[in-house]
Amino acid sequence: MASLLGLSRLLPKSAFAALSTTPAAIQSRHVSMSSRLFERDIPRRLEGQVALVTGASRGIGRGIALQLGEAGATVYITGRKPSDSYSSQKDGLPSLERTAKDIRDRGGDAIFVYCDHSNDEEVKQLFERISRDNERTLDILVNNAFSGIVSIERAAGKKFFECDPTMWDDINNVGLRNAYICATYAAKMMVPRRSGLIVNISSAGGLQYFFNVAYGVGKCAMDRMATDMALDLKNTGVTCVSLWPGMAKTELGIQMVKAGVLPRATGMKQSLLEKSILRGETPEFVGRAVVALANDRNAVKKSGRILITADLASEYGFTDIDGSTPMNMRNVNGALEYFGWPTLASYVPDFVKVPTWALHFGSYKFDDRQSNLQ
């Protein structure tokens with residue numbers, strides 16, 4: 001979602017004039033997830049490795065954990081206790097226990113740990129347990145835990161000064177702050193072994209205003225944190241990156257589109273968001289991106305960079321779990337189609353993309369164009 005909005009800033013304003021207003025029904029593809037399918041697509045390349053995915057009860061964290069387990073890693077997954085979890089407030093959401101069971105059903109090894117990532121002592125105990133269990137070994141950390149969904153829903157359509165200032169903590173304590181703490185503990189285990197991968201799950205919301213002030217600042221800081229940590233980790237063998245998924249078909253994301261929450265929170269049209277969901281990537285596509293990075297012996301060359309899931313799919317040659325290739329947020333034809341120019345889009349080949357360096361122009365931090373600030 002944020003990626004689509006950021007890319008839109010790079011297109012001519014006339015491209016917005018023909019936005020489609022016909023809603024498309026939100027559809028979900030039901031995919032068989034037998035272990036045989038995944039064994040063919042993703043061999044157990046991470047056998048013997050230890051991974052931690054924070055916030056893995058549902059959504060992107062769950063998808064990453066499933067794929068890491070399928071690839072052979074021993075996966076520690078965290079989430080809040082059932083009584084404190086968001087799934088206790090919303091119907092139809094999976095649980096941490098369900099994620100662990102699904103990993104095991106696919107032949108993987110999962111250890112679920114209830115952890116409130118706003119509690120520093122619980123986070124410290126989590127890493128101490130991983131260290132004890134695995135002889136001070138941790139190969140992969142995925143910083144995905146985020147507790148700001150409720151605040152985003154409540155603040156939909158409001159300005160920062162119309163909200164309680166503690167919304168900052170709701171969005172960035174279990175998010176930005178916790179990611180820093182987890183990365184610190186992880187690096188203490190990885191650096192002595194001169195090996196490891198730290199992945200910060202971020203979004204293009206760090207490029208342009210999206211949802212609210214606290215959200216955008218948090219995502220921008222997640223990206224900057226990966227870059228600066230990579231400098232401190234130089235020549236240690238540890239890789240630290242920021243990963244941007246595209247429009248991910250998470251359980252909550254689909255619910256929020258159907259309920260009309262996202263149009264209010266983003267200012268984007270309902271029809272556009274529905275199209276985005278239809279063409280979006282599953283959470284397990286993000287997981288395959290993490291698996292590919294973890295399996296790349298030269299991944300350290302990417303340290304400090306912002307990486308996009310669809311770009312990694314092109315580089316490493318993986319697809320989504322149904323065999324499809326989700327749209328790359330940098331594809332010019334996809335952007336033209338979304339913004340109501342399907343005929344023109346059909347003449348633009350897939351390889352025509354907005355360069356990654358040009359994404360910087362989607363930001364207005366050094367821009368005096370008043371149209372961006374009104």
Looking only at side-chain N and O atoms, does T282 offer a donor or acceptor that is under 3.5 Å from a partner on D320? yes
L68 and I140, any side-chain heavy atoms less than 4.5 Å apart: yes
What's the shortest heavy-atom distance between G48 and D139, and which atoms? O-OD2, 4.3 Å
Give the C-alpha distance, both sets of side-chain angles, the deciding distance and a yes or no for salt bridge (Lys or Arg N to Asp or Glu O under 4.0 Å) between R224 and D228. CA-CA 6 Å; R224 175 62 183 270; D228 287 1; 2.8 Å; yes
Do L233 and L293 sit in one hydrophobic cluster, given that two such residues count as connected whenever their side-chain heavy atoms are within less than 4.5 Å of each other, even indirectly? no
Minimum heavy-atom separation for L126 and H117, please, with both atom names. CD2-CE1, 4.1 Å
Check: F285 ring centroid to F318 ring centroid under 6.0 Å: yes
Any heavy-atom pair between the side chains of F127 and C182 that's under 4.5 Å? yes
Compute both the distance and the angle, then confirm whether K159 meets the cation-pi test with Y209: under 6.0 Å from the six-membered ring centre, within 45 degrees of the axis. no
Separation of L176 CG from M222 CE (nearest 0.5 Å): 7.0 Å
Inspect the contact between E284 and R106 and indicate whether a charged nitrogen and a carboxylate oxygen are less than 4.0 angstrom apart. yes
Let me check something: do Y114 and I130 share a hydrophobic cluster, defined by ILVMFWY side-chain heavy atoms less than 4.5 Å apart, either directly or through other members? no
Distance-only donor-acceptor check, side chains Y76 and N134, under 3.5 Å: yes
How close do R288 and Q67 get, counting heavy atoms only, and between which atoms? CG-OE1, 3.1 Å
Using a cut-off of 6.0 Å, state whether more than 12 heavy atoms not belonging to R129 lie near its atom CZ. yes
Contact summary for N172 and G218, nearest pair of heavy atoms: OD1-CA, 3.3 Å
Of T78, V123, I77, which is the lone residue that meets side chain to side chain contact (heavy atoms under 4.5 Å, CB included) with T54? T78
Shortest non-hydrogen pair, G205 vs Y215, comes out as CA-CE2, 4.2 Å
Is V75 reachable from L96 through a run of I, L, V, M, F, W or Y residues, each pair having side-chain heavy atoms under 4.5 Å apart? yes
Checking side-chain contact (heavy atoms from CB on, under 4.5 Å) for the pair D109/R104: CA distance, chi angles, key distance, verdict? CA-CA 6 Å; D109 187 8; R104 293 167 188 155; 5.6 Å; no
Report, as yes or no, whether the 6.0 Å neighbourhood of atom CD on E162 holds more than 12 heavy atoms from other residues, nucleotides or ligands. yes
Reported CD-to-CZ distance for the pair E97 and F112, which is rounded to 0.5 angstrom: 5.0 Å
Under a single-linkage definition using a 4.5 Å side-chain heavy-atom cutoff for Ile, Leu, Val, Met, Phe, Trp and Tyr, are V142 and Y185 assigned to the same hydrophobic cluster? no
Is the number of heavy atoms from other residues, nucleotides or ligands under 6.0 Å of F160 CZ greater than 12? no
Nearest heavy-atom pair of I171 and S151: which atoms, and what distance? CG1-CB, 4.3 Å
Might you work through the side-chain hydrogen bond (donor to acceptor under 3.5 Å, both in side chains) test for S202 and N200, ending with a clear yes or no? CA-CA 6 Å; S202 185; N200 290 339; over 6 Å; no
Here the gap from K219 atom NZ to I201 atom CD1, rounded to the nearest 0.5 Å, amounts to 8.5 Å
Close side-chain approach of L141 to V199, heavy-atom, < 4.5 Å: no
Are a donor atom and an acceptor atom from the side chains of T309 and E281 found within less than 3.5 Å of each other? yes
Just by distance, no angles: are the side chains of D223 and W244 close enough, under 3.5 Å, to form a donor-acceptor pair? yes
